[in-house]
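Here is the structure we will look at, set down as C-alpha cells.
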Amino acid sequence: MSNPNSASISQLVWLGLGAVGAFFLLMLVLNWASASTSGEQSLGSVDYASNSITLALEQEPPQLDSSRSTDSVSGIILGHVMEGLLRVDGNNKLVPGVAERWEITSTGAKFWLRDNARWSDGSQVTAHDFIFAWQTVINPVTASQYAFFLYPLKNAEAINSRGMAMDQLGARALDDLTIELEFENPISYFDKLLAFSTYFPIKESFFNSTRGRYGSDADTMLYNGPFVITQWVHSAQLRAKKNPHYWDKDSIGLDAINWSYITADTTAKLNLFKDNRIAMVQLDAETLESALYNKWNIKQFADGTIFYIEFNHRDGRLTTNYHLRRAMQLVSNSSELVYKVIKLPGNLPGMSLFPSWQMGENKLFQLEYPTPEHRVDIDEAKRHLEIARQELGLSSFPPLVMLSSDSPTARKQSEYYQNVFKRTLGLEIKIDQQIFKQRLAKMLAGEFDVVMGGWGPDYEDPLTFADLFASWNIQNRGRYNNPALDKQVRIAQGSLNQAERMRAFGAIQDILYHDSVVIPNYERGRIYVVDPRVKGLVRRITGADPDFSRAYLVDKDSNISKGDSKVAAN
Amino acid sequence: MRAYLLKRIVQGIITVWFIASATFVAMHNVPGDPLMDEKATTEEIRKNLMQKYGLDKSLFEQYIIYLKNMSQGDFGISFTQQNRQVNDIIREHFPVSAALGILAITFAAFGGILWGALTALYRNRLPDIVIMFLVILGVSVPSFVFAALGQLSIVSVNNLVGFSLIPVAGWGTIWHMLVPSMVLGMSTMAYLTRLMRSSMLEVVNTDYIRTAKSKGLPATQIFLQHQLRNAVLPVITVLGPAIAAITTGGFVVEMVFAIPGLGRYFVEAVQQLDYTVIMGTTVFYGAFLVFMVIIVDVIYGFIDPRVRVG
C-alpha cells in the first residue's frame, strides 16, 4: 500500500472537494438559522456614507438601568444616550443639560428645566422624571449600590437605610419644569454630582411598563440624550442612532455610533483597528509595540485611578505600629516601581492620595499644596524598624501578609515590594494573591497586614479621595482611625469656602504622609490611538469615557492616514 | 430498544441531578462573595440584595428552591446582569456556540478523514511525514495561539488585497464563521487524522480486503467501499464527546473573535461568582453532554450492526 494508485488519490480529491462544498453549504444553513441572533456588520471604522463610526467595547454592559448601574462600560453607553440636569462639556466644564438654569445655596438648590427637552418617544422630560429616578435609587428595594450618591439630599440616607418614609425625601417637583432640593448638610460640590448617571431621569410610566426589565434591552429603555440605542444584540453589538428629539441635536456631529465588537482581548482589538474596523483602540504593553511600528499617533490620558499600599490598623496587627509603617514607607520608591518594574507607558509615579490632575482652588492642587518631600533613606528606615521591634517586644518580625489581586500588574507590584522589603529591611512578606471577589471579601474582613489598594474617583472633587481614611467610611478597609484626620474631612465636607476646603485637603495629605497611612504606588495612565478622521473625542475621569457623543468626522477629501501625525495631532 | 432508551434517559437524569448538586455545593464553597463589589455597600443594601437572590435563607432551603425551579426550567436572574433571565442568556447565546461548534466538528471530521486516508495511502513517504508533523503541532498547540495566528493572517490577507475580504472579528455573516470554526476544530482535526490513519492501516491488512482484491474488484471500489467505510467507524465513536467538548470549549475563540457565544458567559460567570449563571450554564451543558452521548450510542447501533442493542 506504500505505493498509492492514482485512482484512490483522485477519489480522495473528489471527496475533499465535496467536503469543502458541504462545509460551505452548512455555513449557509447555519447562518440562515441563526440570523435572528446577529446583525449586519459591514461598516468600517469610519463610514462617510452613513456619517458613523464603529467602536469596540471591553465587555457587555451588565445593564443600562441608570438607577442601578455602577460599572464603567454601562457608564460609557449611558453617557451617550442619556442626559442629566447638567452635563460636563469637552473642556470639563459643567454646562446646562436638561436644566436651563439653576441656583445652589447652602441649604438647597432649585432647577429650572428647559421646555424643549424630550424623551425619545417625543414626550417632555419633566421634573417628575427626575424625582421618580431619584426615589427609585433611594428605595431600599432597588438595592442600588450607588445610592450613597444621593445622600446629600435631605433624608436620603435615612430612607435608604433606616426605613424612613419616601415622602420625606428632600426633593420635590414644584411643577413640570421646576425642581426644588433640600440638602442634608451644606455641600460645595453638589453640581458636579448632577452629571453622573445615578442622577439621570427615568420616566415612571415607561419604567413600570417594562415590569422589572428596564434597561435590559434596546426597547426596554427610553432615552433623552444625544443618541438612542436602535439595536442591542447581547455580547455582540450595540448600535446607536442620533436622537431626533434631542434638544441640542444640532451640536451632534455623528448620525450613528456602532459598538460592533465586544471583547476584552486587546490583540483582537488591535487587529480590528489595523483592519480599519474600529476607530479607537486602547493599548497595553504588548500592543504598544505594534502601534509604534505602524507609526500611529499614540495619545496618553491619566484616567484618575490611583493605586497605593494600605495598612491594617485593627488591634493586634503589627502594622498598627507607626515606626514599622514608617520604615516601609522610607524604603519605597514609586518612580522605580513605575519606570523599572511596571514599565507601562502612561502610568505616573504615585506621590500622594490626590492625583496630579486634581484642581485646587485656582490652579493644580499639587502646586497649591505640594506633597511632603519623600526621599528613600534605608539607614533611617532601619532605625525606625529597630524602634518598632522594641516597642512591639519582638525578637524578630514574623512574615507580614500582603493581600494582592491576580492581575499581571498587581503581581509585578507585590513581588517588587516583597523584594524591596526583604532586601532593605530583612522583612519577610507573604503574598496572598486572590481573585477579585475574594480579595474584596478579605479586605472587608481585615485579613491582611498590608494590601494593594486603589481608588477611582466618583466625582470631580478632592473629597472623593480625601474621605477614604475617615474613621466612619466603609471603604476604609484598614480601619485607620485618627480624630485629627476626621476633623479635616468634616471641614472639607461641610464648608462652602473653597480656600478652607483646600487647606483641609492639604492637611489630610500631610497627615497621610507623616503618619505613614498610605504608600502611593502609581496613577494609572491609558495609552490609545484614534482614527485621525474622527475628531472631538473627550476622555473623562468620571462618567462616560471615552465620550464620542460630540465627535465628528473630518472632511472626506482631506485624505489623512493613521500614520500622518501632522494632521492627526489635535 | 425502547427499554434500553428509557434506561439511558433515567440514567441521564440522575447524572444531571448529580452535576447540579455537585456544582451547587462546590460553588457555595468557593471563597468570595457574589455580592461584593469594588465599592463597599452598607449593611442595609447588602441585606436587600441577599433577600432578592434568596441568599438569606439556609443553604439547604436554597438547594431545595433551586432544584424546584430547575425542574421547571427556571434558572433565575443573573447576578451581574440584574435584569436578565439566565434562561434568556442560554436561549440567545447557545445557538451561536452551537453553530460554531457544528461547523468546527464538521471541519474536523472532514479534514481528519481526508488527511488520515491520505497519510495512510502515502505511508512513510514525504506527504505522510509532513502531515504527521503538522498533526503533532495541531494536537499540542493550544487554541488561543491558533486563534491569534488566524486573526493575524486575516489582517495580513486583507492588507494584501486592499479591502476587508474576511472579517477580523464579530458575528453575523458566513464569512464571520469561517476562520473561528476552523481554529476551533483544529486540534480535533489533528486528533482525528491520527485516529483515521491508524484505522486505515489496520483495515488494509484484514481478510475482507484481501478477498476483495482476489475477487478482482477495481482498486477504487476497494478503497472507497471496503477500506474507507470500515476505517471511519472509530472516528464516529469519538465524535459525540468531541461535539460536546468543542461546543463548551469555545471560550477562547469566542473572546478573540468577539463572538457572542455562551462559552464566554460560562467562564466569566465563574470569575464573577455569578451563582445563577454558573448553575444555569453548568446544568445546561451537563444535560447537553449526556444527551449527545446517548444519541451517539444509539446512532452507533445503526452504523455497526455488531453493537446493535435490545
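A, B, ... follow the sequence lines: proteins, then strands. Residue 1 opens every chain.
With a 4.5 Å cut-off on non-hydrogen atoms, B:P34 touches chain A through its backbone but not through its side chain. For B:Y265, the part sitting under 4.5 Å from any heavy atom of chain A is the side chain, from C-beta outward, and nothing else. With a threshold of 4.5 angstrom between heavy atoms, A:N271 approaches chain B through its backbone and through its side chain. The contact between A:R477 and chain B is made entirely by side chain atoms (from C-beta outward), counting heavy-atom distances below 4.5 Å. Using a 4.5 Å cut-off between heavy atoms, A:L444 contacts chain B through its side chain alone, with no backbone atom that close. Of the atoms belonging to B:E254, not a single heavy atom falls under 4.5 Å from chain A. For B:S181, the part lying under 4.5 angstrom from a heavy atom of chain A is the side chain only.
In this structure, A:T263 contributes its side chain and B:M255 its backbone to a donor-acceptor pair below 3.5 Å.
Separating the OG1 atom in B:T80 from the CD atom in A:Q63 is a distance of 9.5 Å, to the nearest 0.5 Å. With rounding to the nearest 0.5 angstrom, the NZ atom of B:K52 is 9.0 Å from the OG1 atom of A:T142. Taking CZ of B:R46 as the start and CD of A:Q145 as the end, the distance is 10.0 Å to the nearest 0.5 Å. Rounding to the nearest 0.5 angstrom, the gap separating the NE2 atom in A:H234 from the CZ atom in B:R84 is 4.0 Å. Atoms CD1 and CD1, on B:I259 and A:I262 in that order, are 13.0 Å from each other to the nearest 0.5 Å. One finds the CG atom of B:N159 at 7.0 Å from the CG atom of A:D275 (value rounded to the nearest 0.5 Å).
Sparse packing is recorded around CD of B:E202, with 12 or fewer heavy atoms of other residues, nucleotides or ligands lying under 6.0 Å away. Counting heavy atoms of neighbouring residues, nucleotides and ligands inside a 6.0 Å radius, atom CH2 of A:W455 exceeds 12 of them. For CH2 of A:W259, the number of neighbouring non-hydrogen atoms (other residues, nucleotides, ligands) closer than 6.0 Å is greater than 12.
Using the six-membered ring where Trp is involved, B:F107 and A:F23 have ring planes that are tilted, between 30° and 60° apart.
With chain B as partner, the option from A:L15, A:T267, A:I435, A:T70 having the largest number of non-hydrogen pairs under 4.5 angstrom is A:L15. Most heavy-atom pairs under 4.5 Å with chain B: of the set A:A441, A:S161, A:A56, A:S144, this distinction falls to A:S161. Heavy-atom pairs under 4.5 Å with chain A peak, among B:I89, B:L35, B:D88, B:L118, at B:L118.
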Practice prompt. Please assess B:L178 against A:F24 for the test side chain to side chain contact (heavy atoms under 4.5 Å, CB included), listing each intermediate value before the final yes or no.
Written response: CA-CA 9 Å; B:L178 186 65; A:F24 273 89; 4.1 Å; yes
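The shortest non-hydrogen separation linking A:Y261 to B:A258 is CB-CB, 4.3 Å. Listed here is the closest heavy atom pair of B:P260 and A:S235: CB-O, 3.4 Å. The two atoms that bring A:D265 and B:V256 nearest to each other are OD2-CG2, 3.4 Å, heavy atoms only.
Using a 4.5 Å heavy-atom cutoff, the side chains of B:R264 and A:E60 are not in contact.
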